[in-house]
Amino acid sequence: METMYSAVYDDCSRELQLPIRDVPGSESWTSVKTIQHGDSTDRKFKVKDQNGNRYMIRLLDKTRYDHGKFACRLMDMLYQNKVPVPCPASFGVCDQNRSVYLMTHWIYGKPAPERLPEHHETVQYLLGQETAVYLHALHGCEAPTGPDLWAQKICQQIDQVQATCSDADKDLSCVNSLLQFVLDNAHIVGQQPQRVLHGDLTPANLIFSYETSVSLIDFEKWQFGDPLADLTPIMTDFSHISSRFATGFLDCYFHYQTDVRTFRCLAFYAALRRLQQYAAACAAGEMARQLAIQDVRQLVKDYSGFSTVVPVWYRVMPQMKEQTKNRNGRKSKKSLDDMRRSEPGQVPGQLAGQC
């Protein structure tokens, strides 16, 4: 599942000298391994008790107590409703009252980049649909915040990207294409509904068991916002691991009723994500920058230079062509080709003139 380094201890023959030593039940642990994986700054451990049960323990700064508590409650609610997420075991304060810990049962399996390519394309499509059902269940939780706060957050992200990218960066045609598309379409997300988001649905956080079931992990970046923003990794990451998985996800999530406006929102978030990744890579060195440029160019290619808001890898299943109906039972007026030919013009919204 994740790369493990046994730098702590494996047999409990020594006294447990860790920030998690005062977590209730630690006296029964027989193995502890640190987890060095992912971009999170949280400290993570895999522990095993004398009964053979395995757990993940994530440490957060004490100032994030409320954030961690909500994540625990969220996973518990989803788990109780049969959504495959890590089952919370305990939550509280540790490390002599300096840290917050969230302990969950261990999820066995492999992450999407390793597991998806092993399956037939039809299975990949069905797995995409299964994942969409689970994420849709999460997005059923309404947020206590309104679209104004989300609009401000998006404006801040755009301002930050513009400030970070130098004039030389903006002279790159691929970077300029993304930046121009983001600026032209920022207003489209202003009236989106607000929901509870996973916040980090990357391929590494989607685990496939050996029985091919899907589990969502790592909820530490949850937030309130536009549910379409949660789908961004589908457009930027999953689509290049398996376009069939990404297509199945979109088909199921939107009940085969995806329209031009929805595709435009998804394209906006995808462009903004790549710009943020590029800006971060520029500070990490030339090698990271070159890799980020490749990702930017690929996204521009996916959208045919943003002459369309429907990615080229999205293909309707053959049996669905000309059969998709709207909610009133009538055939959809716009086909996929019609949407690809649609002009990527602006749609009035709350963010107009603010970014």
Side-chain angles (χ1 to χ4, degrees), residues 1-80 83-109 111 138 141 143-145 149 153 196-202 204-207 215-225 280 283-284:
M1 174 180 167
E2 294 180 326
T3 303
M4 302 295 172
Y5 295 93
S6 306
V8 189
Y9 72 86
D10 286 322
D11 58 7
C12 284
S13 59
R14 292 170 290 166
E15 182 182 356
L16 181 58
Q17 299 293 331
L18 289 171
I20 58 174
R21 61 186 179 275
D22 52 350
V23 170
S26 61
E27 67 280 357
S28 69
W29 296 344
T30 59
S31 175
V32 175
K33 298 181 181 180
T34 57
I35 299 175
Q36 307 287 348
H37 183 80
D39 59 359
S40 173
T41 58
D42 297 339
R43 290 171 291 176
K44 295 175 287 186
F45 305 88
K46 178 182 180 181
V47 303
K48 177 183 177 182
D49 66 18
Q50 57 193 10
N51 295 319
N53 301 310
R54 291 171 173 81
Y55 303 91
M56 155 84 85
I57 297 180
R58 181 184 299 274
L59 292 189
L60 299 82
D61 187 87
K62 191 178 178 181
T63 58
R64 300 181 65 203
Y65 180 91
D66 291 338
H67 187 91
K69 184 177 182 180
F70 185 90
C72 183
R73 292 173 54 194
L74 179 62
M75 284 189 288
D76 184 62
M77 181 273 292
L78 292 171
Y79 185 82
Q80 296 301 325
V83 177
V85 300
C87 177
S90 63
F91 172 81
V93 178
C94 65
D95 192 18
Q96 298 181 352
N97 208 36
R98 291 190 296 259
S99 301
V100 174
Y101 76 89
L102 173 57
M103 184 173 177
T104 60
H105 288 265
W106 187 260
I107 296 293
Y108 294 89
L138 170 62
C141 304
T145 57
L149 187 61
K153 181 181 292 188
V196 177
L197 311 184
H198 179 281
D200 194 27
L201 190 68
T202 62
N205 289 336
L206 192 66
I207 302 299
S215 294
L216 309 179
I217 67 169
D218 286 0
F219 283 77
E220 79 277 4
K221 293 184 180 179
W222 72 266
Q223 60 180 318
F224 300 127

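Heavy atoms only: backbone and side chains are in, while hydrogens, waters and symmetry mates are out. The structure displayed is predicted, hence computed values, not measured ones.
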Quick one: are [X] and [Y] in side-chain contact, heavy atoms under 4.5 Å?
{"X": "Trp29", "Y": "Lys48", "result": "no"}
{"X": "Tyr101", "Y": "Ser90", "result": "yes"}
{"X": "Met56", "Y": "Pro86", "result": "no"}
{"X": "Ile20", "Y": "Met103", "result": "no"}
{"X": "Val83", "Y": "Leu138", "result": "no"}

If you round to the nearest 0.5 Å, how far is [atom2] of [Y] from [atom1] of [X]?
{"X": "Ile107", "Y": "Ser215", "atom1": "CD1", "atom2": "OG", "answer": "4.5 Å"}
{"X": "His105", "Y": "Met75", "atom1": "NE2", "atom2": "CE", "answer": "11.0 Å"}
{"X": "Ile35", "Y": "Arg43", "atom1": "CD1", "atom2": "CZ", "answer": "13.5 Å"}
{"X": "Leu60", "Y": "Lys44", "atom1": "CG", "atom2": "NZ", "answer": "11.0 Å"}
{"X": "Thr145", "Y": "Lys153", "atom1": "OG1", "atom2": "NZ", "answer": "8.0 Å"}
{"X": "Leu74", "Y": "Cys141", "atom1": "CG", "atom2": "SG", "answer": "6.0 Å"}

Point to revise | Any residue meeting side chain to side chain contact (heavy atoms under 4.5 Å, CB included) with Cys72, in chain and number order, not counting sequence neighbours | key: Pro88, Phe91, Leu102
Check your understanding: Can you list the residues that meet the side chain to side chain contact (heavy atoms under 4.5 Å, CB included) rule with Gln50, with sequence neighbours excluded?
Key -> Ser28, Thr30
Can you see which heavy atom on [X] is nearest to which on [Y], and at what distance?
{"X": "Val93", "Y": "Asn97", "result": "CG1-OD1, 3.0 Å"}
{"X": "Gly199", "Y": "Gln223", "result": "CA-NE2, 4.3 Å"}
{"X": "Cys94", "Y": "Asp22", "result": "CB-OD1, 3.2 Å"}
{"X": "Tyr79", "Y": "Val85", "result": "CD1-O, 3.5 Å"}

Point to revise | Those residues that, when tested against Phe219, pass ring pair (Phe, Tyr, Trp, His ring centres under 6.0 Å) (two or more places apart) | key: His198
Check your understanding: Excluding sequence neighbours, so at least two apart, what forms ring pair (Phe, Tyr, Trp, His ring centres under 6.0 Å) with Phe70?
Key ->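 Per chain and number, Phe70 pairs via ring pair (Phe, Tyr, Trp, His ring centres under 6.0 Å) with Trp222, Phe224.
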Check your understanding: If you look only at pairs with a residue in residues 56-69, which of them pass as a salt bridge (charged side-chain N to carboxylate O under 4.0 Å, His left out), with sequence neighbours excluded?
Key ->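 Residue pairs with at least one partner in residues 56-69: Asp42-Arg58, Asp42-Arg64, Arg58-Asp218, Arg58-Glu220.
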Revision key, fill the gap. Sorted by chain and number, sequence neighbours left out, salt bridge (charged side-chain N to carboxylate O under 4.0 Å, His left out) with Arg98 holds for Asp95
